Number of protein chains: 2
Amino acid sequence: MPVPTFRPIHTRRAFEEICERIREQLALGVLKPGDKLPPERDLAHQLGVSRNVLREALRSLEMAGVLRLLKGVKGGAFIQEGDTGRMNDVMRDMLSLGTISVRELSEARVHVLDLVVRLACVNARQVDLDALEDNIERTELATKEGRLLDRVECSREFYRLLANSTGNKVIAMIMDSVTEIHMRFVYAKVASSGVAMSRLADRRRQLVSAIAEKNAALASRLMGAHLEAVQRMLEQDPGAMSLHVALAEVRPGMRR
Amino acid sequence: MPVPTFRPIHTRRAFEEICERIREQLALGVLKPGDKLPPERDLAHQLGVSRNVLREALRSLEMAGVLRLLKGVKGGAFIQEGDTGRMNDVMRDMLSLGTISVRELSEARVHVLDLVVRLACVNARQVDLDALEDNIERTELATKEGRLLDRVECSREFYRLLANSTGNKVIAMIMDSVTEIHMRFVYAKVASSGVAMSRLADRRRQLVSAIAEKNAALASRLMGAHLEAVQRMLEQDPGAMSLHVALAEVRPGMRR
DNA sequence: TTCCATTGAATGGGTGAACCATTTAATAAT
DNA sequence: ATTATTAAATGGTTCACCCATTCAATGGAA
């Protein structure tokens, strides 16, 4: 039987129609990143809607990362390069709404990172390895100078570089989305307790050299062990894993 | 060095502030799914902004799946249960914008499905297996009766059930996001050529019994082989993989 | 009483005109 | 030539109003 599945209907509203049409032009390749839409007043007139309604549509597309709206003469609505950070926003909302749990996110992260590491073993180029090595050096420096929060930023970058070295932006995007919240927990923990994982740079060097040698089994094992160690550190203080603290906190350099 | 990274700034606009405040209340747990925001006119007054600006914010949150707006007395803006389909929208936009490629998406899908299958071997409960078995029976029926497009819908459901049997909604969400576009290609292919994979139900039965026996290696191998076969089928006709066709097409039962 | 049609209030959906703020280029003053 | 001024284009915001939908209250008919 064709499985009768009834999605809730809601009356079609003008702004939805507009969003859809613009997305359609995108999908068809008529609109491309860098292109500019007509001024709001013109476009509203062309579509036969009021400027207010058009703006609701443009706003939604802007929030979705499809458009960027700039003021002033020479301003306007420009099609953006895709913003890979949008998936992070979705994940954050899901967590805020209680649709997913921190546990599920952490578990997913472990598996995704295992995949990333294994793919990196296959696909990492020398430039990727160099970038990782460079990152580790910066991590060491930050450690020596006691800049603990900078070190957390380095970690964040380390994972990004790792994901990039898989050569697959979809996987990189997924990894970032399951990593962002986690890094907030780490950041909060480090900021409040001042503790820091020891021998971090050494561990990373081992991992990178395993990747360089394309030793997937070893790389996977090292990453797994590291993740467990970090998890133990975070769980020492149960309060540190408070969802609300991590989500509500705004900190510099971290996109909302 | 702490890596000077300059994100583009853009003047803070009222609607952004509003979105952020509402998300903050969500993160803090003050607002929960099912809660209702004050009427637009009241809330606008409370926030000291015009109703139009407030509406831009509400629209954005609605598109993000955070709110649902209902008309009429007893209507209003309600906090939604998280909509796990938002990640699909992000993926679709990324593809439309050319930020990611079909190749990257397909590759990611192969790896994610491998992970899903392996996790299912560990976590699948009897109800999950029963649901899969039931799905396979419906697939068989659709095949016998020549309802090919229904059969594609069954496939879509099969993957969802598989993902659910991992017991991890994050992973299920990720799988769905890398699967939706692919199913559009399959749908377009089947709709245009009328060809259909042979012995589909049998293959699925083998897979499910491997999962039931918790034989991860076998299950992984079976899934891998199946994905390759499907890929070959799709690639027979290069035109069938046209991005624009698959993305622009709207079909019943598939959310936009 | 019970049931159904009518009505009216609450709420989101949508419009149009006006004004503000920012940005840029053209123009004028030095 | 350089710098200050001005004007035009564009998004940001407000206000006042009306429409469409929904649902509860009301009231008349069976």
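Computed from a predicted structure; not experimentally measured. In what follows, chains carry the letters A, B, and so on, assigned in the order in which the sequence lines appear, proteins first and then strands, with residues in each chain numbered from 1.
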Roughly how many Å is it from CG in B:L69 to P in D:dT21, rounded to a whole number?
-> 16 Å
Below 3.5 Å is the cut-off: list the nitrogen or oxygen pairs between protein and nucleotides 4-7 of chain C, distance only.
none

For B:L70, report the nucleic acid contact type (base, sugar-phosphate, nothing); a contact means any heavy atom under 4.0 Å.
-> sugar-phosphate
Beyond-backbone contact of B:N168 with B:L119, side-chain heavy atoms, under 4.5 angstrom | no
Looking only at atom types and distance, does a side-chain atom of B:D35 sit under 3.5 Å from a main-chain N or O of B:K32, one as donor and one as acceptor?
-> yes
What is the distance, rounded to the nearest whole Å, between atom NZ of A:K71 and atom P of C:dC19?
-> 20 Å
Any Lys/Arg nitrogen of A:E56 or A:R13 sitting under 4.0 Å from an Asp/Glu carboxylate oxygen of the other?
-> no
Heavy-atom donor-acceptor pair, B:D128 side chain to B:R125 backbone, under 3.5 Å | yes
For A:K36, look at atom NZ and say whether over 12 heavy atoms of other residues, nucleotides or ligands are found less than 6.0 Å away.
-> yes
Which comes earlier along DNA chain C counting from the 5' end, the contact point of B:K36 or that of A:F15, where each point is its nearest nucleotide?
-> B:K36
A:G82 backbone acceptor or donor facing B:D93 side chain under 3.5 Å = no
Let me know the distance between CD of B:E62 and C1' of C:dG13, rounded to the nearest Å.
-> 11 Å
For the pair A:R59 and A:E62, find out whether any cationic side-chain nitrogen is under 4.0 Å from an anionic carboxylate oxygen.
-> yes
Any stem touching DNA chain D, meaning at least three consecutive Watson-Crick or G-U pairs under 3.5 Å, ordered by first number, would be C:1-30 with D:1-30
Using only side-chain N and O atoms of A:R13, determine if any of them is under 4.0 Å from OP1 or OP2 of D:dA20.
-> no
Nearest-Å distance for atom pair CD/P, residues A:E17 and C:dG13 = 15 Å
May I ask you to decide if B:V170's main-chain N or O and A:E104's side chain share a donor-acceptor pair within less than 3.5 Å?
-> no
Would you kindly give the CD-to-P distance between B:E40 and D:dC17, to the nearest whole Å?
-> 18 Å
Can you name the residues that form a side-chain hydrogen bond (donor to acceptor under 3.5 Å, both in side chains) with B:S193, not counting sequence neighbours?
-> none
Show the distances under 3.5 angstrom between N or O atoms of the protein and N or O atoms of nucleotides 4-9 of chain D.
residue : atom : partner : partner atom : Å
D:dA9   : N3   : A:V73   : N            : 3.3

With B:K71 via side-chain hydrogen bond (donor to acceptor under 3.5 Å, both in side chains) - residues at least two apart = A:T11
Measure the distance from CG on B:L58 to P on C:dG14 and round it to the nearest whole Å.
-> 14 Å
Are side-chain heavy atoms of A:L37 and A:L31 found at a separation under 4.5 Å?
-> yes
Can you find a heavy atom in the side chain of A:D134 that is under 4.5 Å from one in the side chain of A:L161?
-> no
Atom-pair distance (CD on A:E56; P on C:dG16), nearest Å = 14 Å
Quick one: CZ on A:R109 to CD on A:E180, what's the gap to the nearest 0.5 Å?
-> 12.0 Å
Near DNA chain C, under 4.0 Å by heavy atom, which residues of residues 41-54 of chain B?
-> B:R41, B:R51, B:N52
Rounded to the Å, how far apart are B:F78 CZ and C:dA10 C1'?
-> 12 Å
Do A:R23 and A:E20 meet the salt-bridge criterion of a basic N to acidic O distance under 4.0 Å?
-> no
